[in-house]
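When a ligand or atom number is given, it counts from 1 through the structure's own listing order.
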Amino acid sequence: MHQPTAIAHRSLYYDYRVHPYVSPPEKLGPGARHRVVIVGAGPIGLATALDLARYGIASVVLESELQVVEGSRAIVFTRRSMEILQQIGVAASVTAKGLPWRYGNSFYRGQRVFRMEAPHPQDDRFGPLINLQQQYLEGFCVAQIERDPLIDLRWGSHVTGIVHNGDGHATLSVDTPDGGYRIDSEWVIATDGARSGLRQKLGLKMQGDAYEGRFVIADIRIKLDLPTERLAFFDPTWNPGNTVLMHREPDDMWRIDYQLPPGEAPEQALQIDSLTARINAQLEMIGAGGTPWELDWYSVYSARAMTLPDYVCERVIFAGDAAHMLPIFGVRGANTGLQDGHNLAWKLAFVLRGWGSPRLLDTYSEERVAAAREIVDEAGKSTRFMTPPSRGFRLLRDATLSLSLQHEFVRPLFHWRTSRPHEYLSSSLNHSSAAGAHNAPGLSDGAPAPNVYLGPDDYLFDHLGASFYLFYYTAEPELPQALRDAIAEIEQDGFPFEVVAIVPAGRRAAPPVLGAAQTLSDEDGRFAALYGFAPEGAQAYLVRPDQHTSANWRTDTRKISAASLKAALHSALGMAHGARSR
Ligand SMILES: Cc1cc2nc3c(=O)[nH]c(=O)nc-3n(C[C@H](O)[C@H](O)[C@H](O)COP(=O)(O)OP(=O)(O)OC[C@H]3O[C@@H](n4cnc5c(N)ncnc54)[C@H](O)[C@@H]3O)c2cc1C
């Protein structure tokens with residue numbers, strides 16, 4: 001029988017809550033078949049459940065443990081993650097607790113050789129990066145789930161097996177503190193983490209690299225009078241040839257990551273005397289020697305950059321660390337997983353609601369595997385710089401470091417390639433024939449739609465929800481009749497779709513555009529600049545529920561016909577190439 005610990009994890013800063021195990025209805029006899037069961041309540045499973053609920057899709061979330069994650073995991077979240085968290089209703093909690101930042105500093109032998117500034121344009125509601133311990137993020141998601149009757153989060157429920165039934169569903173075996181049961185579901189989302197039992201049971205293999213360099217991760221509580229910025233020390237005097245990273249976290253916590261000399265065993269490195277001596281040496285080096293500190297957590301980490309080649313295996317869909325393992329340099333793991341969940345949620349919901357083709361799930365895999373492969377490639381570069389895997393790489397890295405002391409031109413090589421949203425430029429959901437001209441200013445199909453500042457505490461993304469949108473730029477008081485007719489027809493299909501009319505500068509007093517669900521005023525021309533809208537004539541973008549564009553009409557207003565809008569939507573719903581049933 002599965003017996004998860006019911007003793008609250010110890011932490012210097014996080015007040016762990018032990019959730020009760022509640023015996024499920026399936027224990028009394030075979031239960032109803034569920035539409036979605038999510039295995040694993042890490043950040044990605046929790047966020048995906050919340051995202052699905054926005055489309056009215058109920059889910060059961062099975063989690064082995066009775067508490068959120070123990071110890072030190074993700075601490076840096078990107079702007080794109082914040083935009084996704086805004087959609088699922090937890091961004092405000094993250095903003096209230098987290099520490100925003102935008103500068104990264106690289107030091108070589110005690111001298112600062114590069115200072116990176118992550119841009120923060122006025123059009124973005126969220127800063128480029130925010131530090132928050134993963135426990136808090138999971139806790140905020142759990143609190144949001146507790147307010148959502150569509151999500152049945154079952155603590156203490158350990159999945160031990162899976163059987164695919166031929167008739168379009170899967171059966172999971174679940175072990176709990178009061179014995180086992182089986183649960184049937186049309187779809188299973190595997191967010192059971194890097195060691196995914198489901199991935200192993202289905203015999204699926206990841207592709208990619210594992211790197212040899214090992215890091216100790218130590219979280220300490222200490223009062224340091226330093227701003228929230230990333231600090232990277234290459235070849236510091238106390239750890240010659242190796243790398244050390246420091247990050248401030250909320251609650252006066254600091255993460256210190258230091259690379260171990262080659263050949264040092266993890267057990268040796270985790271001896272308390274060794275940890276203490278090295279943390280003291282690091283504090284000494286930054287001028288904080290003698291400042292009292294307490295140790296909260298320590299572990300050893302080594303980087304892997306790997307992905308499954310396909311994220312859908314019959315009725316099981318993989319997301320997050322279960323689908324890919326990414327090095328922590330560049331803050332990619334959870335940030336990439338949140339984009340998986342956001343891409344998957346609308347597609348699975350549209351398939352289940354009968355609004356889109358099952359082929360949408362193929363495109364989930366195509367788009368997100370392509371994203372992971374790009375990230376694996378980029379993460380490989382960062383990892384080879386942080387922990388050179390061979391003599392040649394070390395030589396190259398050290399040459400860059402030593403040249404950077406004298407020469408400005410080498411310094412940008414330190415850029416640490418932070419996680420960013422993937423552009424689905426070759427997605428089969430894009431409707432290329434709707435593209436006015438590929439060379440016209442503006443966004444390519446598949447690009448992430450940029451946020452836009454509309455006024456004090458008012459941004460474009462605040463107006464978006466679980467829906468397709470037509471961003472329609474027009475100076476006219478009403479949408480053309482043919483377009484209004486097409487919208488009425490589309491509405492009959494029942495899926496969420498809205499027209500957002502954007503009225504150019506100088507038309508502020510214009511009444512709401514007739515036929516549009518929302519009218520936004522582009523008073524400062526910011527919308528026009530970001531989306532490449534020309535001052536005259538109507539132009540438009542079709543935007544998917546995950547805020548990626550999928551079609552555009554930028555150059556010729558006459559092309560925004562009812563037929564071309566319907567064709568673009570047909571394509572975005574995965575219907576253009578014939579349904580392939582899974
Ligand atoms: C030291 C460290 C630092 C990191 N820093 C960052 C960072 O700054 N930014 C970033 O984006 N990422 C970072 N990451 C990566 C990040 O922590 C992971 O990418 C993230 O936790 C993945 O979330 P997940 O939900 O996919 O999986 P997990 O968080 O691993 O969650 C999986 C869940 O599934 C449950 N589970 C497992 N098996 C079963 C089963 N059989 N039945 C039921 N439940 C099960 C587990 O108990 C767990 O709750 C870091 C990772 C480490 C180790």
Side-chain angles (χ1 to χ4, degrees), residues 2 4-5 9 19 37-49 60-78 80-82 84-85 98 101 129-135 137-138 141-142 153-162 172-176 180 183 188-201 214-219 230 245 247 249 255-257 297-304 311 318-341 344 372 375 379 416 418-420:
H2 176 58
T5 179
H9 298 314
H19 298 270
V37 170
I38 298 174
V39 181
I44 312 312
L46 295 168
T48 308
V60 174
V61 184
L62 301 172
E63 168 55 46
S64 290
E65 304 298 328
L66 297 171
Q67 317 173 53
V68 298
V69 67
E70 183 181 18
S72 192
R73 296 284 292 275
I75 51 162
V76 184
F77 295 94
T78 61
R80 182 61 193 137
S81 291
M82 290 302 290
I84 293 169
L85 296 173
W101 61 280
L129 298 151
I130 187 163
N131 283 4
L132 181 74
Q133 296 92 331
Q134 186 167 319
Q135 289 87 332
L137 175 64
E138 293 184 16
C141 288
V142 169
L153 173 51
R154 300 183 185 177
W155 298 98
S157 306
H158 183 68
V159 172
T160 54
I162 178 158
L172 292 167
S173 308
V174 189
D175 195 11
T176 75
I183 183 167
V188 174
I189 301 181
T191 47
D192 51 345
R195 295 200 182 98
S196 171
L198 284 174
R199 195 179 64 223
Q200 288 167 28
K201 284 182 178 65
R214 285 206 165 95
F215 273 77
V216 166
I217 308 278
D219 275 23
R230 177 193 191 254
L245 299 171
H247 269 292
E249 307 167 39
R255 157 84 64 80
I256 302 179
D257 302 9
W297 174 263
Y298 52 93
S299 57
V300 169
Y301 167 85
S302 62
R304 277 169 297 179
Y311 292 169
F318 289 83
D321 279 13
H324 43 66
M325 290 186 253
L326 304 168
I328 57 176
F329 318 116
V331 299
R332 294 178 171 92
N335 289 303
T336 303
L338 287 169
Q339 291 178 54
D340 295 341
L344 172 60
I375 295 160
W416 44 291
T418 323
S419 160
R420 56 187 162 75

>> Within the 3.5 Å criterion, strictly below it, is a donor on Asp257 or His247 matched to an acceptor on the partner's side chain?
In response: no
> Between Ser72 and Asp219, does any side-chain donor sit less than 3.5 Å from a side-chain acceptor?
Replying inline: yes
Quick one: does ligand 1 sit under 4.0 Å from the side chain of [X], the backbone, both or neither, non-hydrogen atoms only?
{"X": "Gln134", "result": "side chain"}
{"X": "Val39", "result": "side chain"}
{"X": "Asp321", "result": "both"}
{"X": "Leu62", "result": "backbone"}
{"X": "Glu70", "result": "neither"}

Distance under 4.0 Å to a non-hydrogen atom of [X]: what atoms of ligand 1 satisfy this?
{"X": "Ile217", "result": "1 (C)"}
{"X": "Thr191", "result": "32 (C), 33 (C), 34 (O)"}
{"X": "Ile44", "result": "23 (O), 24 (P), 25 (O), 26 (O)"}
{"X": "Ser157", "result": "42 (N), 43 (C)"}
{"X": "Gly42", "result": "25 (O), 29 (O), 31 (O), 33 (C), 49 (O)"}
{"X": "Gly320", "result": "26 (O)"}
{"X": "Gly40", "result": "33 (C), 34 (O), 35 (C), 44 (N)"}
{"X": "Ser64", "result": "39 (C), 40 (C), 42 (N), 43 (C), 44 (N), 45 (C)"}

Non-hydrogen side-chain atoms of [X] and [Y] separated by less than 4.5 Å:
{"X": "Val68", "Y": "Leu137", "value": "no"}
{"X": "His324", "Y": "Tyr311", "value": "yes"}
{"X": "Leu172", "Y": "Val39", "value": "yes"}

Please check whether [X] reaches ligand 1 - meaning an N/O of the residue sits under 3.5 Å from an N/O of the ligand, judged on distance alone.
{"X": "Ala334", "result": "yes"}
{"X": "Glu63", "result": "yes"}
{"X": "Tyr301", "result": "no"}
{"X": "Arg255", "result": "no"}
{"X": "Glu65", "result": "no"}
{"X": "Ile75", "result": "yes"}
{"X": "Phe77", "result": "no"}

Has [X] got any heavy atom lying under 4.0 angstrom from an atom of ligand 1?
{"X": "Ser72", "result": "yes"}
{"X": "Pro43", "result": "yes"}
{"X": "His247", "result": "no"}

Is [X] reaching over with its side chain to a backbone N or O of [Y], donor-acceptor style, under 3.5 angstrom?
{"X": "Glu249", "Y": "Arg255", "value": "yes"}
{"X": "Asn335", "Y": "Val76", "value": "yes"}
{"X": "Gln135", "Y": "Glu70", "value": "no"}
{"X": "Arg80", "Y": "Thr336", "value": "no"}

>> Determine whether Val60 and Ile38 satisfy the following criterion, side chain to side chain contact (heavy atoms under 4.5 Å, CB included), listing intermediate values before the conclusion.
In response: CA-CA 6 Å; Val60 174; Ile38 298 174; over 6 Å; no
